[in-house]
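Each remark here refers to the structure printed beneath this line.
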Amino acid sequence: MKKIYPFSLLLITALVCFQSCKNAPSQPKAGIEKTAYGILPDGRAVDIYTLRNENGMTLRITNYGGTIVSWTAPDRNGVYQDVVLGCDSLSGYLHGTPYFGAIIGRYGNRIAKGNFTLDNNTYNLATNNIGNHLHGGIKGFDKVLWDAQIVDTDTPSNPTLRLKYYSKDGEEGYPGGLQAEVTYTLLKDNALNIHYEAITDKPTVVNLTNHSYFNLADAGKTTILDQELVLNTPMYLPVDSTLIPTGELRPVKGTVFDFSKPTKIGARINDTSDIQIKYGLGYDHCWITARSNSGTPENIASLYDPASGRLMEVLTTEPAVQFYTGNFLDGTVIGKGGMPYKHRTGLCLETQHYPDSPNHPAFPSTVLRPGEKYESTTVYRFSVK
Ligand code: BGC
């Protein structure tokens with residue numbers, strides 16, 4: 001038999017180790033990376049930022065509209081897959097989407113007829129939704145280029161992207177120059193923390209949110225109707241036929257709006273015996289919590305996909321959430337991989353103040369004055385069940 005010298009043994013062991021390391025799945029490295037995403041018609045460059053945590057959750061966020069383009073979350077087998085609707089490239093967003101993944105401002109949801117009065121001054125906002133003002137107007141915060149900054153944190157495992165936008169006095173009809181700031185932080189526990197801030201130089205109104213369309217099963221290939229929702233909200237706001245709140249706060253108990261226990265979204269979505277379902281063409285309403293704004297994010301909603309096991313909890317400092325079931329998706333918007341997003345293939349859980357608050361003195365105020373700071377935090381946390 002041939003003699004093997006200790007040195008050869010060492011060499012063989014080293015080679016075996018090298019081979020197995022090469023074949024082992026590499027541990028994802030937490031961090032944030034910037035890549036060019038495209039050019040706007042006015043020549044400005046747009047970037048996209050990839051945020052990754054050490055579990056492998058990955059978010060791609062562009063500074064055009066502060067838009068979340070993709071977001072991977074694990075299923076019960078640990079397979080990470082995209083869970084949001086969106087486009088393959090900047091041009092998709094420039095051609096127009098129903099606010100896929102974008103930051104919404106200055107005012108999330110509707111202001112009736114685009115008018116409101118503040119300190120005895122009446123303001124006329126841009127109207128873009130059957131005579132009403134929706135999601136900040138014709139060119140809301142979803143269609144502007146934000147200044148982006150990668151934030152150096154003490155914990156590199158929490159990649160953080162800060163976006164800033166200065167909205168001029170009079171933009172879309174709003175009073176006051178508004179400096180808005182939105183900070184996205186991807187946390188170790190597969191949660192995205194979104195922190196919103198704003199200051200103004202004149203009294204104005206502010207209601208910021210994010211408009212991601214979630215589909216925990218397959219990012220929009222099939223409907224969201226079999227996914228289960230819990231809404232921790234004893235009341236909702238009935239609307240008129242143009243989706244403006246009537247002013248009433250109605251208990252959900254005993255109605256098709258009751259999601260206090262896990263309920264399939266599709267269970268009662270077509271129950272038009274409730275006129276509110278007719279008006280919304282499904283769910284497109286604001287649900288409100290019983291608590292006052294505590295400053296600490298609290299659970300307002302949980303979404304669960306029984307097929308994949310994905311669970312998403314929504315925690316917020318906001319007093320309400322607009323739950324929208326993609327009723328206006330009709331296959332005409334083509335998304336990632338050439339996929340037409342059909343009816344109800346994505347849903348939104350937009351944490352916010354109540355729609356049309358500037359015209360309802362009884363609703364929690366959305367007024368921001370010079371010297372004050374608007375602050376709001378929402379956390380979307382993923383796990384499996
Ligand atoms: C609104 C819907 C609207 C959708 C996007 C939601 O926040 O409530 O009525 O159609 O955004 O277009």
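Ligands are counted one by one from 1 in listed order, and the atoms in each one are counted from 1 as well. Since the model is a prediction, treat every value here as computed from it, not as a measurement.
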In terms of residue, atom name and distance, what is the protein heavy atom nearest to atom 1 (C) of ligand 1?
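Residue, atom and distance for the closest contact: D284 OD1, 3.5 Å.
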
Would you call the rings of F259 and W287 parallel, tilted or perpendicular, taking 30° and 60° as the class edges?
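Perpendicular.
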
Could you tell me whether R162 and E181 have a side-chain N and a carboxylate O separated by less than 4.0 Å?
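A salt bridge links R162 with E181.
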
Salt bridge or not for R60 and D82, using N-O below 4.0 Å?
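Not counted as a salt bridge, because no side-chain N and carboxylate O are separated by less than 4.0 Å.
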
Nearest heavy atom to atom 6 (C) of ligand 1 wins, so pick from H285, R110, H211.
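The nearest heavy atom belongs to H211.
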
Please lay out, stage by stage, how D284 and L243 fare under the test side chain to side chain contact (heavy atoms under 4.5 Å, CB included).
CA-CA 8 Å; D284 191 356; L243 300 182; 3.4 Å; yes

Which is it for N109 and ligand 1 at heavy atoms under 4.0 Å: side chain, backbone, both or neither?
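It is the side chain that touches ligand 1; the backbone stays farther off.
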
Measure Y213 to ligand 1 on non-hydrogen atoms and call it side chain, backbone, both or neither using the 4.0 Å cut-off.
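The side chain, only.
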
Proximal atoms of ligand 1 relative to [X] (non-hydrogen, under 4.0 Å):
{"X": "Q322", "answer": "8 (O)"}
{"X": "Y99", "answer": "5 (C), 12 (O)"}
{"X": "F328", "answer": "9 (O), 10 (O)"}

Check whether Y64 forms a cation-pi arrangement with K143 (NZ or CZ under 6.0 Å from the six-membered ring centre, at most 45° off the ring normal).
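Relative to the ring axis of Y64, which defines the angle, K143 lies outside at least one limit.
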
Compute the ring centroids of Y236 and F323, then answer whether they are less than 6.0 Å apart.
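No, they do not, as the ring centres are separated by 6.0 Å or more.
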
Got an N/O contact under 3.5 Å between H135 and ligand 1?
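Min N/O separation from ligand 1 is below 3.5 Å for H135.
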
